[in-house]
Amino acid sequence: MKKFYITTAIDYMNGKPHIGHAYEKIATDIINRHFKQRGLETFFLTGSDEHGIKIEKTAQELGKRPKQLCDENSDSFKEEWAKIGVNYDRYIRTTDEDHKEVVQYIFKTLMDKGDIYKASYTGLYCSGCESFLSQRDLTEDGLCPDHQKKPQEVKEENYFFKLSKYKQAIIDRIKNNPNFILPEYRANEVLNQLENTEDISVSRSINSVTWGIPVPGDDSQIIYVWIDALSNYLTGVGYRHNNELFNKFWPADVHIIGKDILKFHSIYWIGILMAMGIELPECIHAHGWITVEETKMSKSLGNVLPPDFIMQEFDLEIPDAERYFLMSAAPYGKDINYSTDDFKNKVNADLANNLGNLLNRSLSMLVKYFNGEITQDAVTDKNCELASLCDETQKKVLESFDDYKISEAIESVVSLVNATNKYVNDTAPWSLAKEETTLIECAKVLYTVLETMRFVSILLYPVIPNISQNIWSQLSLEGNISEQTWESLKWNGLKAGKIASKETVNPVFLRLDSELAGDKKKK
RNA sequence: GGCAUAGUAGCUCAGAUGGUUAGAGCGCGCGGCUCAUACCCGCGAGGUCACUGGUUCAACUCCAGUCUAUGCUACCA
């Protein structure tokens, strides 16, 4: 069986989760669910990045121990992921024992190999922050933005990674693999940055950071958080601790990350793997930001919104609409904007009016004209127009997901739904039901529509799992929709028999009432 | 400052290798249907394809420049 290994970035635990974190996890979850449907054995890794000076400081301010802060925050991340339907296989924490071992092993191996060496480092040190600042952290006057003081030049012994040694190999890798970095235009940025790449410092003095993994054999140094963090992708699938798992899943098929950390993944991480002689990931996919009502979210603006804020705003019990909007509003990779109106319009139009109403009208007719029963002679063969459209649609969905283009996949299914609504209008089963002679035609039309709905529910399941399950149940189909694979996408999956009654037909997604939304907004 | 990407209907966006009247969805107007979640279907209005030049029989599509937005990077500091 083929495998599929997908990861998210691990989130930094010095704060609570927000919608930006959620966007990435949802995208990853959707891709993962899709590939599982294809019959691949999948592994979905997410987790938290827990070391470093900022966490140490935040914990101190709150009067907590760093580990305690991370325990609390990682719990709230996990809670949020459960709320929005993110189903991962492992939640890794960089404070996990197996991870610490892996990081030290990597560091030691590279030291032995000579790819990590000791050298002195001159940096700008702010005594207020108790840490080194880079040029770009400073204000225009060269002051520390937090303390309004000029940082001092301090010399420190550090360990360095010989990144320059792998520079050319990284450049070649990117140039020879057009899909290595997605979206493609980001690859240029990375190549640009590579031009000026030098060896990087991979440790910090214990005098500036204590919360981290010590350099093996040198307790005066702490391993740089990025080396620590990036290695999670190895630990997460059992590197050095579960060979069977590791051999099955490594290398990663795709790292889903934000555009802000592309450099670390496509340069540092690739360099380290090359130095370790470990196979490289297939693809690094960088997504854009979410803006809310055209405003960038930031802590300083105080407009950081929680992962489920859309659900909260509209009092939604399931995350489907939020997932749907975030993934269909813009192509993955670009920035997307959330606005209450856009959300309402999009979700009402696609999920309630087109998808939900289609199921509702067709099942209602089945109940009304046939007592909810599909008779054997109503089962149509696959030569009908809609059947071949279902076939085309699944091919398009497959192609879109090959390039991780979620919004494109959604669009294909939505146009199938629209075509089905048109089909119902054109064939007018309510008229066919009036004459005894055309009753069988009516039955066939309804079967065709409901069978199409079965396709739609499977195709959209990765995005809207709860709504899809609801459709699945209302069609009285057996089993759970999460177990359905691409194999189920064959015409005539819906069998003859009584599948619905007046009581079982219910809207799968109600229109968002405009007045209700208005009230909520005023709060 | 350098490099990159983008600028297409009111809004969100599609538009390989230049070639008939520039597309979709939403919104808007009109009409139809009545099975349905005031839903669905059809028709229509609406665009100097950022701007200016150029190449070409022909440019939204190629070239140059300008403006704007965004990203990466640099330096000034």
Side-chain angles (χ1 to χ4, degrees), chain A residues 124 134-143 150-151 181 183-197 258-263 266-267 286-289 291 294 296 325 328-339 341-370 372 396 400 405 407-408 410-415 417-434 442-443 445-446 449-450 453 467 470 474 500 502 505-515:
Chain A
L124 297 165
S134 70
Q135 287 287 355
R136 83 173 70 164
D137 291 331
L138 305 180
T139 66
E140 285 184 356
D141 308 320
L143 303 177
K150 192 161 186 164
I181 295 174
E184 275 179 70
Y185 59 83
R186 296 242 172 247
N188 291 329
E189 286 176 20
V190 175
L191 287 171
N192 203 338
Q193 288 179 47
L194 269 162
E195 295 299 321
N196 308 311
T197 294
K259 61 184 182 181
D260 55 327
I261 54 175
L262 182 59
K263 178 169 101 180
S266 49
I267 301 179
H287 63 250
W289 299 139
T291 57
E294 302 294 346
K296 208 168 192 166
F325 179 81
S328 58
Y332 196 67
K334 283 198 179 182
D335 290 353
I336 69 155
N337 178 54
Y338 169 85
S339 83
D341 287 342
D342 286 353
F343 175 76
K344 213 163 60 189
N345 289 339
K346 181 94 183 145
V347 156
N348 276 347
D350 292 356
L351 298 182
N353 298 349
N354 286 326
L355 176 64
N357 183 55
L358 174 59
L359 179 75
N360 201 237
R361 69 195 295 213
S362 43
L363 278 177
S364 297
M365 284 190 272
L366 190 72
V367 169
K368 205 163 182 172
Y369 309 139
F370 301 98
K396 281 191 200 162
S400 299
K405 290 177 178 165
S407 64
E408 204 180 87
I410 292 173
E411 217 177 291
S412 303
V413 185
V414 169
S415 52
V417 172
N418 290 341
T420 310
N421 265 316
K422 180 172 162 50
Y423 172 79
V424 173
N425 272 60
D426 291 350
T427 52
W430 54 89
S431 300
L432 297 173
K434 285 175 188 159
C442 176
V445 164
L446 292 181
V449 172
L450 293 169
M453 293 309 292
I467 290 175
N470 195 344
Q474 290 200 39
K502 202 172 180 186
V505 179
N506 290 301
V508 291
F509 185 81
L510 281 170
R511 273 179 69 87
L512 301 173
D513 186 316
S514 52
E515 275 190 316

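When reading the values below, keep in mind they use all heavy atoms of this one structure, side chains included, and skip hydrogens, waters and symmetry mates. A note on names: the letters A, B, ... follow the listed sequences, proteins ahead of strands, and every chain is numbered from 1.
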Separation of atom CG in A:N354 from atom P in B:C26, rounded to whole Å: 7 Å
May I ask you to verify if any side-chain N or O of A:K434 is less than 4.0 angstrom from the OP1 or OP2 atom of B:C35? no
Whole-angstrom distance between B:G27 and B:C41, as gauged at atom P: 11 Å
Classify the nucleic acid contact of A:V508 as base, sugar-phosphate or nothing, counting any heavy atom under 4.0 Å across all strands shown. base
A:N348 side chain to A:L512 main-chain N or O, any donor-acceptor pair under 3.5 Å? yes
Between B:U68 and B:C26, how far apart are the two P atoms, rounded to whole Å? 36 Å
Counting C-beta onward and ignoring hydrogens, is there a side-chain heavy-atom pair between A:K259 and A:R186 closer than 4.5 Å? yes
Using the closest heavy atom to pick a nucleotide of RNA chain B for each, name whichever of A:E411 or A:K422 lands nearer the 5' end. A:E411
Quote, to the nearest angstrom, the P distance that separates B:A38 from B:A6. 43 Å
Report yes or no: is there a donor-acceptor pair, N or O only, under 3.5 Å between the side chain of A:N345 and the base of B:C26? no
To the nearest Å, give me how far apart NZ (A:K405) and C1' (B:C13) are. 14 Å
Whole-Å distance, A:K346 NZ to B:C13 P, equals 11 Å
Do side-chain atoms of A:N360 reach the backbone of A:G356 as a donor and acceptor pair under 3.5 angstrom? no
Any donor and acceptor pair, going by atom type alone, linking the side chain of A:N354 with main-chain N or O of A:N418 inside 3.5 Å? no
With P as the reference atom in both, quote the distance from B:G65 to B:A24 in angstrom, rounded to an integer. 36 Å
For the residue pair A:F343 and A:Y338, categorise the inter-ring angle as parallel (less than 30°), tilted (30 to 60°) or perpendicular (more than 60°). tilted
Comparing A:L355 and A:D350 on RNA chain B - which has the more 5′ nearest nucleotide: A:D350
Heavy-atom pair with the smallest gap, counting every atom of A:L432 and A:C442: CB-CB, 3.6 Å
In whole Å, what is the span from the CG atom of A:N353 to the P atom of B:C41? 9 Å
Between atom CZ in A:F325 and atom C1' in B:C26, what is the gap in whole Å? 12 Å
Which of the following nucleotides, B:G71, B:C26, B:C35, is nearest to the side chain of A:K259? B:G71
Nearest-Å distance once atom P is located in both B:C76 and B:C51: 39 Å
For B:U17 versus B:U61, give the span between their C1' atoms, rounded off to a whole number of Å. 10 Å
A:Y369 near the nucleic acid: base, sugar-phosphate alone, or nothing, with a heavy-atom cut-off under 4.0 Å? sugar-phosphate
Closer than 3.5 angstrom, by distance alone: can the side chain of A:Q474 be matched with the main-chain N or O of A:N506 as a donor-acceptor pair? yes
Sort by first number and list every stem of RNA chain B: at least 3 consecutive Watson-Crick or G-U wobble pairs, both distances under 3.5 Å. B:1-7 with B:67-73, B:10-13 with B:23-26, B:28-32 with B:40-44, B:50-54 with B:62-66
Please state the P separation for the pair B:U8 and B:G15 - nearest whole angstrom. 14 Å
Listed nucleotide nearest any side-chain atom of A:R186, set B:G71, B:A36, B:U37: B:G71
Ranking B:U34, B:U37, B:C40 by distance to the side chain of A:P507, first place goes to B:U37
Atom-pair distance (CZ on A:R511; C1' on B:A36), nearest Å: 13 Å
Quick check: are there more than 12 heavy atoms from other residues, nucleotides or ligands sitting under 6.0 Å from CD of A:E411? no
Euclidean distance, atom CD of residue A:Q474 to atom P of B:U37 [Å, nearest integer]: 12 Å
Under 4.0 Å between a side-chain N or O of A:N360 and OP1 or OP2 of B:C35? no
Is the closest side-chain heavy-atom distance between A:L363 and A:V367 below 4.5 Å? no
Taking atom P of B:U37 as reference, at what distance in whole Å does atom CE of A:M453 sit? 14 Å
Separation of the P atoms in B:C62 and B:G7, to the nearest angstrom: 11 Å
